[in-house]
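The next block holds one structure in the form of structure tokens; read it before the comments.
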Amino acid sequence: MTTADLFRDLSDRPAPVRLGDGAWLLPRFACDRAEALLAALDGVLRQAPLRHMQTPGGHTMTVAMSCCGERGWHSDAAGYRYTTFDPHCGRRWPPMPAVFVELAVAAAATAGYPGFVPDSCLINRYGADAKLSPHQDRDERDLSHPIVSLSLGLPARFRFGGPRRRDRLLRTDLEHGDVVVWGGASRLAYHGVLPLAGGRHPSTGDCRYNLSFRRAG
DNA sequence: CAGTACCC
DNA sequence: GGAC
């Protein structure tokens, strides 16, 4: 950490918003690093292109996905799982850029999860009409590690509930640079994203990116 | 039969 | 609600 990091003025950032027990929205947490994150994302996606995965039930996901880090999430007819190789090309997933790791570590620590270090980043691109039905992130080996979720580009209508599918889902808008962290009692909370509204963002054009950081292995 | 990172 |  540099001196500039230590003395960066954080006073213009809104206070964290509690979404549940152990779940926090950190508004605009990544705003000052958004361009560096997007530049690094560009490099990752050149090595591991976005693709529309199949669900085990036989549907094509509307969200386009890729991964970086030691492990990557994958879905096909055989189920959900993490792999150390990209099934698309048979090579390792691209390494996780340092700016990704630093952002995830800092956000997790801010939300009460010191010591979190991701080994996997799932990249989701939401184009027009893309959505993600409510689901749990439960394919990771050790659920004591939180999920760190970064939003870039167009805003999303995010839904966040509890560990049972029937639990009420709250709705909150996620904007460019927002980070959501959930763990502890909220680790298995159902969450989803409503269909993306149209529009244009200066940094990403007509889409939204979500980067979710996990420790999968 | 129950459940769904589904669909209409 | 239905199809998988």
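Order of the sequence lines fixes the chain letters, A, B, ..., with proteins taken first and strands second; residue numbering starts at 1 for each chain.
Closest contact between the side chain of A/Tyr190 and the listed nucleotides B/dT4, B/dA5, B/dC6 involves B/dT4.
The NE2-C1' distance, from A/His59 to B/dG3, rounds to 12 Å in whole Å. Computed from coordinates, the A/Arg214 CZ to B/dA5 P distance equals 14 Å when rounded to whole Å. Here the P atom of nucleotide B/dC7 and the NE2 atom of A/His135 are 13 Å apart, to the nearest Å. Atom-to-atom, CG of A/Asp129 to P of B/dC8 comes out at 11 Å; the value is rounded to the nearest Å. A/Trp182 places its CH2 atom 12 Å from the C1' atom of B/dA5, with the value rounded to the nearest Å. Between A/Arg164 atom CZ and B/dG3 atom P the separation is 14 Å, expressed in whole Å. Between A/Gln54 atom CD and C/dC4 atom P there is a gap of 14 Å when expressed in whole angstrom units. For the pair A/Met61 CE and B/dT4 P, the interatomic distance rounds to 14 Å; values are reported in whole Å.
Between A/Lys131 and B/dC6, a side-chain N or O to OP1/OP2 separation shorter than 4.0 Å is absent. Between A/Ser133 and B/dA5 there is no side-chain N or O to OP1 or OP2 distance below 4.0 Å. The shortest distance between the side-chain N/O atoms of A/Arg165 and the OP1/OP2 oxygens of B/dG3 is not below 4.0 Å.
Across B/dA2 and B/dC6, the matching P atoms stand 22 Å from one another, rounded to whole Å. B/dA5 and B/dC1 have their C1' atoms separated by 22 Å, given to the nearest Å.
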**Asked** Going through the distances and angles, do A/Trp93 and A/Phe85 end up as a ring-ring contact (aromatic ring centres under 6.0 Å, His included)?
**Response** CA-CA 6 Å; A/Trp93 296 102; A/Phe85 294 88; 9.6 Å; no
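The aromatic rings of A/Phe100 and A/Phe213 sit perpendicular to each other, their planes meeting at more than 60°, with 30° as the lower class boundary.
Contacts of A/Gly58 with the nucleic acid, taken as non-hydrogen atoms under 4.0 Å apart, are absent. Within the nucleic acid shown, A/Asp137 comes within 4.0 Å of at least one base atom, counting heavy atoms only.
For the 3.5 Å distance criterion, the side chains of A/Asn210 and A/Ser149 qualify, holding a donor opposite an acceptor. In the model, A/Asp137 has a side-chain atom that pairs as donor or acceptor with a side-chain atom of A/His191 under 3.5 Å.
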**Request:** Using Watson-Crick or G-U wobble pairs with both distances under 3.5 Å, give me DNA chain C in dot-bracket, 5' to 3', with [ ] for crossers and | for pairs to another strand.
**Result:** ||||
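Using a distance-only test at 3.5 Å, with no hydrogens or angles considered, no donor-acceptor pair links the side chain of A/His176 to the main chain of A/Leu152.
The residues A/Asp142 and A/Arg214 are annotated as not salt-bridged, no charged nitrogen and carboxylate oxygen being separated by less than 4.0 angstrom.
Considering A/Trp24, A/Phe160, A/Phe116 in turn, A/Phe160 is the only one that fulfils the ring pair (Phe, Tyr, Trp, His ring centres under 6.0 Å) rule with A/Trp182.
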